[in-house]
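Here the structure is a predicted model, which means the values were calculated and not measured. Counting convention: from 1, in listed order, for ligands and their atoms alike.
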Amino acid sequence: MRQVVARALTCVVATGSMPPVVCDAPTTSSPFTYPELTAAIAQRREKEDHLRSYVKKVGPVLQGLRQTVAKCGASAAESEGKRCESARREYTELVKRVQRETAELTWGSEDAQARRAEFTSVYGCTGWTEEALALIKENSPIVELGAGWGQWEAELRRSGVDIVAYDNLSSRPRSSARKGQVHRGDERVLDSWLLQDRTLLVVYPEGKLLERCLRHYRGDVLIYVGEGRGGVNGGTSLFDLLEAEWDVVKVLPVKPFEGGHERLWVCRRKPKSA
Ligand SMILES: C[S@@+](CC[C@H](N)C(=O)[O-])C[C@H]1O[C@@H](n2cnc3c(N)ncnc32)[C@H](O)[C@@H]1O
């Protein structure tokens, strides 16, 4: 169950809203804060609370039935037959109901969960637009970290971008239909002088991945695709670091799955003060 809550947070709950079109110049004091994301974060908290209380309510019932069914498996007594059969049926039905209801609470509906699987098989965790591809091309050559199955890599390569992509294979999303050329490697590949002149691209990072990359990357241009402050792709320390050491020079909309609020940020390293 906790995994469901985590997935709801990392791969975005479905609310049905589409991302707004963004202009070049950020208008708030933080370029990584915007009203749609702020509203979405509040909605996600509410959903997470619902999911927690649902798990609290249904968990003990499920556990009790599971224990009865397990005892039945161990007992060969015929007199137990009917009681066990009905416990098994009840357990199976409850498992199905729990799966359906958690999908509804997490994704909005079971349909949305299926649509998401289709979406990720084409795009990975978030989708590109032609403008986003063109902007990345303008900033090529590219080194991509945390590339997953390489959907972005494949599309960028198809668009004529010089790109080399890495993933440490620690938690790639489930196997998808479309795959790019992704080498095995983590942020330490960025120490290589061969990659230092490339723009760093990181799409939909998880945990501290982007912060770790920035500790190794020596180049001057970063393209980050993901949610802003408070979103699912990095914590406060990431956005503090970005704001302290990088200037946002361009922001573009991308094509998130329902309920996602990812954007594309082109950032340039701030000059070191003398
Ligand atoms: C949320 S997935 C996003 C994958 C892909 N960018 C996409 O949009 O579909 C994050 C990816 O980062 C990878 N990853 C996590 N930590 C990493 C690290 N230290 N170095 C390289 N890849 C890493 C995981 O294996 C996973 O494939």
**Prompt:** Can you find an N/O atom of Gly146 closer than 3.5 Å to an N/O atom of ligand 1?
**Reply:** yes
**Asked** Any idea how Trp265 and Tyr224 line up, ring-wise: parallel (<30°), tilted (30 to 60°), or perpendicular (>60°)?
**Response** parallel
**Prompt:** Going by distance only, is there an N or O of Ser171 that falls short of 3.5 Å from an N or O of ligand 1?
**Reply:** yes
**Item:** Passing option when Tyr123 is tested against Gln151, Glu155, Lys255 for side chain to side chain donor-acceptor pair (under 3.5 Å)
**Value:** Lys255
**Message:** Counting only nitrogen or oxygen atoms and a 3.5 angstrom limit, does Cys125 reach ligand 1?
**Reply:** yes
**Request:** Heavy-atom contacts with Glu187 under 4.0 Å: which atoms of ligand 1 show up? List them by number with element.
**Result:** 18 (C), 19 (N), 20 (N)
**Asked** Would you call Gly207 a ligand 1 contact, heavy-atom distance under 4.0 Å?
**Response** no
**Asked** Side-chain heavy atoms under 4.5 angstrom apart, residues restricted to Ile, Leu, Val, Met, Phe, Trp, Tyr: same cluster for Val225 and Val182?
**Response** no
**Prompt:** Taking all non-hydrogen atoms of both residues, which atom of Pro141 and which atom of Asp197 are closest, and how far apart?
**Reply:** CG-O, 4.4 Å
**Fill in**
So for Asn168 against ligand 1, with non-hydrogen atoms under 4.0 Å, the contacting part is both
**Item:** Positive for side-chain contact (heavy atoms from CB on, under 4.5 Å) with Pro256, one of Glu227, His261, Glu262
**Value:** Glu262
**Message:** So for ligand 1, is Tyr166 a polar contact partner (N or O within less than 3.5 Å, distance only)?
**Reply:** no
**Request:** Step by step, work out the salt bridge (charged side-chain N to carboxylate O under 4.0 Å, His left out) result for Arg215 and Asp191.
**Result:** CA-CA 9 Å; Arg215 262 187 239 132; Asp191 294 334; over 6 Å; no
**Request:** May I have the step-by-step check of side chain to side chain contact (heavy atoms under 4.5 Å, CB included) for Leu210 and Leu222, ending in yes or no?
**Result:** CA-CA 10 Å; Leu210 182 49; Leu222 160 72; 4.0 Å; yes
**Prompt:** Does Val203 reach ligand 1 with a nitrogen or oxygen that is under 3.5 Å from one of the ligand's nitrogen or oxygen atoms?
**Reply:** yes
**Request:** Would you mind listing which atoms of ligand 1 come within a distance below 4.0 Å of any non-hydrogen atom of Gly124?
**Result:** 9 (O)
**Request:** Compare every heavy atom of Val161 with every heavy atom of Ser140, then report the nearest pair and how far apart it is.
**Result:** CB-CG1, 3.8 Å
**Prompt:** Do Arg116 and Gln113 get their side chains close enough for a donor-acceptor pair, meaning under 3.5 Å?
**Reply:** no
**Request:** Decide whether an N or O pair under 3.5 Å exists between Asp186 and ligand 1.
**Result:** no
**Message:** Out of all atoms in ligand 1, which are within 4.0 Å of some heavy atom of Ala147? Include the element for each.
**Reply:** 5 (C), 6 (N)
**Request:** Show which atoms of ligand 1 fall inside a sub-4.0 Å distance from at least one heavy-atom site of Tyr204.
**Result:** 1 (C), 2 (S), 3 (C), 8 (O), 10 (C)
**Message:** Using a 3.5 Å cut-off on N or O atoms only, is Trp152 in polar contact with ligand 1?
**Reply:** no
